[in-house]
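Chain naming here is simple, since letters A, B, ... match the order of the sequence lines and numbering starts at 1 in each.
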There are 4 protein chains.
Amino acid sequence: MKKTVIVDPNFRRMDEIFSPSDQKRLHDVVDVIWGKDEPMPQADFLRALPAATAVVCADWRYGDVLRQASNLRAILSVSGGFPQALDYEQTYRQRIRVLSAAPAFARQVAEFSLGLAIASAREIAYGDRLMRRGEEAYLWHGNVGTYMLYEQPVGIIGYGSLARELHKLLLPFGVKLAAYDPWLGNGYLRRQGLQPLPLAELMATSKIIFIMAVPSAENEAMLSRELLELAQENALLVLASRAHVIDFEAATEMVLAGRFKLATDVFPVEPLGADHPIRQAEGALLSAHRAGSVAGGMYDLGEMVIDDLEAIVQGLPPRRLQLAEPELSRRYVSNRAKSPPADET
Amino acid sequence: MKKTVIVDPNFRRMDEIFSPSDQKRLHDVVDVIWGKDEPMPQADFLRALPAATAVVCADWRYGDVLRQASNLRAILSVSGGFPQALDYEQTYRQRIRVLSAAPAFARQVAEFSLGLAIASAREIAYGDRLMRRGEEAYLWHGNVGTYMLYEQPVGIIGYGSLARELHKLLLPFGVKLAAYDPWLGNGYLRRQGLQPLPLAELMATSKIIFIMAVPSAENEAMLSRELLELAQENALLVLASRAHVIDFEAATEMVLAGRFKLATDVFPVEPLGADHPIRQAEGALLSAHRAGSVAGGMYDLGEMVIDDLEAIVQGLPPRRLQLAEPELSRRYVSNRAKSPPADET
Amino acid sequence: MKKTVIVDPNFRRMDEIFSPSDQKRLHDVVDVIWGKDEPMPQADFLRALPAATAVVCADWRYGDVLRQASNLRAILSVSGGFPQALDYEQTYRQRIRVLSAAPAFARQVAEFSLGLAIASAREIAYGDRLMRRGEEAYLWHGNVGTYMLYEQPVGIIGYGSLARELHKLLLPFGVKLAAYDPWLGNGYLRRQGLQPLPLAELMATSKIIFIMAVPSAENEAMLSRELLELAQENALLVLASRAHVIDFEAATEMVLAGRFKLATDVFPVEPLGADHPIRQAEGALLSAHRAGSVAGGMYDLGEMVIDDLEAIVQGLPPRRLQLAEPELSRRYVSNRAKSPPADET
Amino acid sequence: MKKTVIVDPNFRRMDEIFSPSDQKRLHDVVDVIWGKDEPMPQADFLRALPAATAVVCADWRYGDVLRQASNLRAILSVSGGFPQALDYEQTYRQRIRVLSAAPAFARQVAEFSLGLAIASAREIAYGDRLMRRGEEAYLWHGNVGTYMLYEQPVGIIGYGSLARELHKLLLPFGVKLAAYDPWLGNGYLRRQGLQPLPLAELMATSKIIFIMAVPSAENEAMLSRELLELAQENALLVLASRAHVIDFEAATEMVLAGRFKLATDVFPVEPLGADHPIRQAEGALLSAHRAGSVAGGMYDLGEMVIDDLEAIVQGLPPRRLQLAEPELSRRYVSNRAKSPPADET
């Protein structure tokens, strides 16, 4: 007999994350409760919870009901973070795994981040704007201030699943990689081929800096004005995780002053204010939180969810999504309060 | 005693291609004749030629004087092509090697081409334009029509030094690679990990197509309207070598009609006419022949020139620049007549 | 104040696993209790346990005492398996992490397994024996029955930490990889670049088969005579985990009959009986359980232990050793009963 | 009309180098003259030469007849070296390409060399001998004096096609690579990721040394007793090209004295004398010139020959075999005089 699983993906949609063939596979693997785009009514949820082996959801908006979930083995989030309102201590007590879909964003965001880096360092988007204005300069006249990634000192802030995927894409460029991640030991980083560096030293010695740290209670505006001032002249900062981790206004000022280049997919408030000065900074490359929502990538997410449901109903550990760990789950925060309620990565 | 070498880099400049330390090394390795930015006067050139072991130049504008070059072992071009006005038959008879600096452009152009590909497929430059206009769409609303490179069928047209370097950068994306190159055998291409395909089949089966073929007498407008019409809906064409090889006006029409995306670093006439319709095509990504003139890359060129001069004066084969081959040298052409005289790749 | 950690590595020795500089680092990071080569007396252990944050040990020979370990956060095994006599349910209840040093064996065993594979397929050890007997054949006369790894179909049975490391070493050979692992889903395996195959199909289609499955209650003699008979003529089996998983006597018969080659680092009983017929099989390559005890590798183990202790005392998740998972820990078995008591991997 | 090509592979055999399907392809591509295993009679050869576009042969035993070869475009050797008795100056005058099949040996020899290295460093063949004698030691008792390749300093002497292929196989081991090659410039070596070193420094700083230099007039016994004495205690020398380049007797003495390990596929005289002391050295790993004659590799050779014939008859440069270069062809020597006449690599 198939195990029952509550599937309540809202804010995502069923056909956004499950390809047609995966929709079918989902129903082959488990008995799906709900499985609709609209938010599941609380009463329905509570009725289904006691029998459910797993809950697939976008956030935890069901309240303090875990004790009723006597058969629950796993909570699978279809967002890139961990549910905020969940009582993690209780999940550990009941030995319920909490899983985040962060790995489904790794390829999407890594590719996008590399694209931002090349497009900024080589001034591809800026050059395109100049051509549309009829102001382009050809050949080396158009390459004042550009540089290649090859063999550059590159710093990575936050070596999680996004950064590990980016790492693979950077290998053929022969860059010298340094990393700062307070949640990872130096031995681990060295074995991955990265030089562990304190944040200030990384800022001062890297030509290109990828900011991929997940937001936490501890890292708000971690990249302060003082640290930003350490950046090399004409360095490049690529901001791929959350604006939470950087003093965004200080960075904006410095980009406008020509101190360094900034490519960013995220902003302190989204949508970004129409008159925010970063919008007109020539040294900036701007993207509307689009790194992690490409169609093929979202199908990846659905595939991972089903793969892990399949493992769980077979009594095996899930291997594709990311497991919440007791030491870290209480530290994760999101910057959602400032974001629009409808759509999230 | 040091061998004498004529160094007449114009249209390039000495300090464009030789880093300060390489300037010194050049003088350590050989006795430099001329070595200035201005074009060498013909009389000076003819006086120096009989004793010269090598000539470093940007093109061959010295006429039919090879028979006076009784000690000449090599002609090293500092451009990405082979000198057009040279009597290649006579160079083979006198066993003079003719070398092109094409390999010095490989990294620059490969990185830029990958940047164009990601920035087009993920609509990075387009998204940046939208943000500057205040018209951006966030998250998946801003990802209609975007796609990842990962695991895509990718076709390469022209598998020379640029393409071989690009190949290394594409490996971590797990793409399925096909190639069309009439100058290379199928066995060679297969051993490199590429599926050899006829041009029409490559056009029809690839999601992303890199056009890297060097211009030749045989490939003018090789990518005809008929072949372009085979491209998949919303495919991406990246044009990195010369507009010579494509029916550029047909491609422009099709981009404007939304049939496929086009990222291009080259144009049929440069500077591109101010009112060329491609300038306003939203599906296009435009670059003013800037892929191969980045500062670090030009120093690479100078290093390769000195490395090969060093080999030549030691009686060893040069290993860094690209050797003209009898079968191919008569086929190379450039599209320079249509380009401005002052600056060239 | 430093946390206290019980370090009782017997059957290993302190200076076997900790380099001189790591010995110092261990004492810098934690307050070491015991830390000697001899087994820690039970009374001393029980006295130290209540205050201990972690226990480093080779096996769990302390009995049912976990309830006294009120501060215990982790048990770190210095062997390649998980402690057998431990009450895992109780560790999960107390939220004590149990860690195995299996990852410290990955490089050692992967390199050794590749060495066994090349040495068998190319008959390197056999050729060396012939030269010592004065019976060698030169050039192609000495290559009857040999083959290259390049582009071969290769099957991996058990895709754990050893196999993942081997995978990296096999990549440049361009092999076609298939895998059988009942604890891993097909989606996971495919994303790693492996074709998931049922065991019988893997046996029948692979030219080279790496057997790396950890022994479990379910896989005793999993490679039965019937499955072995599916192997291709002159295939190669490399046995790197435990003889537990194969019908070793059937395999021996088939190697003696010339059906396939067998390279093995493990035996059903160790030391192997002096008159076991495999000892004289020309098609066999024999190794005395030596893949995972090379000096540099054992220092790796010590480094990983200290790195993870450092993480644990800082309140971070350990990242280098392998975590016991509820679904799998009850399935692991060892074949130690049949092994000599003194030394273990 | 098909071009005529003389195919006279002796000492090789037609079915040794051409797979059945390649035999057919050969006849599709060109009009084959001779094409038998026996040496082509001189009279037949001279009759066919004037019309021939190419000659496929194992060595040049036809004398000073090139002036009669008025249509000859290429001489393709099916051995790993260049024909010794050929008048290279005349080939350059007539613009005849001379091609060696060295690249067909690259994979075979690289794989074998890596196998020799792991089997020596980890004492795989020695351990197998001990097991057959019933003298094996288990676990770390059997690993005194062994070491891993991972992260070792590795030196390569002679960075030709064999070494370039080996380089790819060594990359996942994270070794630190140095190279000595007097025919290659430092800039070229650095760009490949190798540190160029003088020979003495390479000998002193490398733990593992691969000797892959082709024999030349200049490098006889280049690895003299004095240089060998610089090797680190318990270093490993892998001899993969020719005994010509090393003082083999000095090396033998030092291996017998336990100074370093030696793995060798070649000997000063082949067959090696029955009582040569290296035959009983426990620190040696011995192979009867078998690295480059594995069946799959020889078919590779045939495929490359046909691929290059196909290019030549189409007026394209050959891309798979190795071209003789004026600067180097006069320097190549073989050590064949001391070898048996019948079989050669």
List the steps and the verdict of side-chain contact (heavy atoms from CB on, under 4.5 Å) for A/T146 and B/R290. CA-CA 10 Å; A/T146 67; B/R290 296 169 50 246; 3.7 Å; yes
Pick from [options] with the largest number of heavy-atom pairs that fall under 4.5 Å of chain A:
options: B/K168, B/E123, B/M298; value: B/E123
options: B/A119, B/A284, B/A117, B/A274; value: B/A284
options: B/L130, B/L149, B/D265, B/D275; value: B/L149
options: B/I278, B/L285, B/L169; value: B/L169

Return yes if some donor-acceptor pair links the side-chain N/O of [X] with the main-chain N/O of [Y] below 3.5 Å, else return no.
X: A/R132; Y: B/A281; answer: yes
X: A/E136; Y: B/S287; answer: no
X: A/E111; Y: B/I118; answer: no

How close do [X] and [Y] get, heavy atom to heavy atom, and via which atoms?
X: A/Y138; Y: B/L272; value: OH-N, 2.8 Å
X: A/M131; Y: B/A288; value: SD-N, 3.8 Å
X: B/A125; Y: A/D128; value: CB-OD2, 4.5 Å
X: B/G115; Y: A/I124; value: C-CD1, 3.8 Å

Does any heavy atom of chain B fall under 4.5 Å from the side chain of [X], the backbone, both, or neither of them?
X: A/L171; value: neither
X: A/A137; value: backbone
X: A/R129; value: side chain
X: A/L170; value: neither
X: A/A263; value: neither

Exactly one of A/E165, A/Q108, A/R107 should register a side-chain hydrogen bond (donor to acceptor under 3.5 Å, both in side chains) with B/Y150. Which one does?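 Of A/E165, A/Q108, A/R107, side-chain hydrogen bond (donor to acceptor under 3.5 Å, both in side chains) with B/Y150 is met by A/E165 alone.
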B/W140 and A/E16: side-chain contact (heavy atoms from CB on, under 4.5 Å), yes or no, with the steps? CA-CA 9 Å; B/W140 65 267; A/E16 176 190 357; 3.8 Å; yes
I need the B/H141 NE2 to A/H289 NE2 distance, nearest 0.5 Å.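 The NE2 atom of B/H141 sits 12.5 Å away from the NE2 atom of A/H289.
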Side chains of A/F173 and B/L114: does their closest heavy-atom pair fall under 4.5 Å?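 A side-chain contact exists here, since the closest heavy-atom pair is under 4.5 Å.
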